[in-house]
Amino acid sequence: MSGHDVPGGCYHLGILGGGQLGRMLIAEARLLDLRVAVLDPDPDAPCAALADRFWCGSLDDPAAISRLIDACAVTTWEIEHINIDAVSERVEHGAVVRPDPAVLRIVQDKAAQRRRFAEAGLPGPRWCEFPPGNVSTLAAFGFPAVQKLRWGGYDGRGVTTLHTTDTQQLPGPSILEELIAIEYELAVLVARALDGSVVCYDPVQMRFDPARNICTHVIAAPPQMSLIRPEIALEARRIAQAAVTALDGVGIFGVELFVEKGSTGRVLLNEVAPRPHNSGHYTIDACATSQFAQHLRAVLGLPLGSAEIFSPAVMVNLLGAGEPGPVAVDGLERALSVPGVTVHLYGKRRSVPGRKMGHLTALGTTPEEALERANRAAACIQIHGASASQSQGGHSG
Ligand SMILES: Nc1ncnc2c1ncn2[C@@H]1O[C@H](COP(=O)(O)OP(=O)(O)OP(=O)(O)O)[C@@H](O)[C@H]1O
Ligand SMILES: [Mg+2]
């Protein structure tokens, strides 16, 4: 597509979901002068102020989904929890949705996802299906076992570790996985084009807040400076590309992997996010093509760009702290005074403790320098709910 060939009243791109991933996608679409329409249930969603057309509606509502898809040349999603039947119905009638909703149907169900990767011969934890409360399945699987809800989990919600048949279980259809002794977690971004060609970014390390299961840091570096050993990086790239190919996906995909402790250092596939991924935010500041630009290129049928990383980079998620309430940002000026730092705020109106409110990326000449700068800058910024006496939505230095 030329970028300017949609009829009046129509949009080049539709996005199901209006969160920060959609917002960063719109920022890239602006560079190509593309018109974007968005559907999200929250009238104050991060995309609301940036989209050319923002429809407030449920991502479960077939009528709202049809209205968006039918107004857009190409539609994508930025969140997995959408009504796939409604999306598939439009595709059957000729609408263009990328990736194909069949990809999402597999990814939404952790059992279907594990099955697809096992069929493709990809290494992962031992696993089995776990119908709700089926004690004999659990006992036969052995302990400790990681229980994961098949549908609906995110940010570690829907994941728990069972030590005996008496451990409190999550309600609902699930899978069991062996508990991996994880040395560290990796993510690999893979972009796949309409013709099946792939561009793979260098693997990055993800670090988590263990209490909240939220990713706090992403550490990225060119291969010669990477903290990830070359043979691990090579294996991670191989698995990630094969996983996205096994899904027949088009777009950008965040592939999450574990490196197992011990002498074997096995690389195991955890899961695939069929959309831009938190682990790829650093690409905006550190790579030739950001994950958002790459996603646009892939879903619009444009040539994929280079995934080259120009500098070590560390991304830190900026989470809401303190009391919930109208958002207040403190310490922005001090954070921006740290060399190599950029701050990305998502425009969420309300701060909630633990909610992703923004992120910052620090570049450095080494990963260690980038990490030190990122931590120094992050320590300056506080995003929290403002009390009635504080200015609404205000930034203070
Ligand atoms: N088999 C396992 N062994 C050990 N730890 C695991 C295992 N599976 C998951 N975990 C831990 O739990 C975290 C969340 O698991 P997973 O990514 O499968 O769930 P999720 O709810 O989809 O999370 P998110 O949305 O944050 O990606 C992982 O990042 C990892 O730290
Ligand atoms: Mg995960």
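Along the sequence shown, residues are numbered consecutively beginning with 1. Any value given below was found using the heavy atoms of this structure, including those in side chains, with hydrogens, waters and symmetry copies removed. Just so you know, ligand 1 is whichever comes first in the structure, and atom 1 is the first atom listed for that ligand.
Between atom 19 (O) of ligand 1 and the options M206, E177, K110, the minimum heavy-atom separation is to K110. Between the choices L268, I214, I180, the shortest heavy-atom distance to atom 4 (C) of ligand 1 belongs to I180. When F258, Y184, F208, W127 are ranked by how near their heavy atoms come to atom 10 (N) of ligand 1, first place goes to F258.
Short contacts between ligand 1 and R157, defined as distances under 4.0 Å to a heavy atom of the residue, involve ligand atoms 21 (O). Of all atoms in ligand 1, numbered sequentially from 1 with element shown, those under 4.0 Å from a heavy atom of E256 are 17 (O), 27 (O). Atoms of ligand 1 lying under 4.0 Å from any heavy atom of N270, numbered from 1 in the order shown and given with element: 16 (P), 17 (O), 18 (O). Near N213, meaning under 4.0 Å from one of its heavy atoms, ligand 1 places the atoms 13 (C). Atom numbering of ligand 1 starts at 1 in the shown order; those under 4.0 Å from a heavy atom of E185 are 28 (C), 29 (O), 30 (C), 31 (O).
Under the side-chain hydrogen bond (donor to acceptor under 3.5 Å, both in side chains) test applied with N317, the options D209, T216, N278 reduce to a single match, N278.
Between the side chains of T361 and H281, no donor-acceptor pair of N or O atoms lies under 3.5 Å. Judged purely by distance below 3.5 Å, without hydrogens or angles, the side chains of Q294 and Y201 pair a donor atom with an acceptor atom. Using modelled atom types and a 3.5 Å distance limit, the side chains of D60 and S58 yield no donor-acceptor pair. In the model, E28 has a side-chain atom that pairs as donor or acceptor with a side-chain atom of S290 under 3.5 Å. A donor-acceptor contact closer than 3.5 angstrom links the side chains of H217 and N375.
For the pair D85 and R105, the salt-bridge criterion is met [side-chain N within less than 4.0 Å of a carboxylate O]. A salt bridge is absent between R67 and D61; no separation between the charged side-chain nitrogens and carboxylate oxygens falls under 4.0 Å. In summary, R150 and E129 engage in a salt bridge, as defined by a charged side-chain N under 4.0 Å from a carboxylate O. Between R373 and E369, at least one side-chain nitrogen of the basic residue sits less than 4.0 Å from a carboxylate oxygen of the acidic one, meeting the salt-bridge criterion.
Distance check for atom 2 (C) of ligand 1: a protein heavy atom is found below 4.0 Å.
Of the protein's heavy atoms, E271 OE2, 2.8 Å lies nearest to atom 17 (O) of ligand 1. Of all protein heavy atoms, the one closest to atom 5 (N) of ligand 1 is I182 CD1, 3.4 Å. The nearest heavy-atom contact from the protein to atom 24 (P) of ligand 1 is D155 N, 3.4 Å. K148 NZ, 2.8 Å is the protein heavy atom nearest to atom 18 (O) of ligand 1. From the protein, the heavy atom lying nearest to atom 15 (O) of ligand 1 is V159 CG2, 3.9 Å.
Residue E271 approaches the Mg ion (ligand 2) most closely through its N/O/S atom OE2. Closest to the Mg ion (ligand 2) among the N, O or S atoms of E256 is OE1.
Residue contacts with ligand 1, taken as heavy atom pairs separated by less than 4.0 Å, involve L179 via backbone and side-chain atoms alike. Contacts of E178 with ligand 1, taken as heavy-atom pairs under 4.0 Å, involve the backbone alone.
Taking the six-membered ring where tryptophan is involved, the planes of H359 and Y346 are tilted, since the angle between them lies from 30° to 60°.
R192 has its side chain out of reach of S197: every pair of non-hydrogen atoms, C-beta onward, lies at least 4.5 Å apart.
Ligand 1 has an N or O atom lying under 3.5 Å from an N or O atom of G156, backbone or side chain. By the 3.5 Å distance cut-off applied to N or O atoms, V146 is not counted among the residues near ligand 1.
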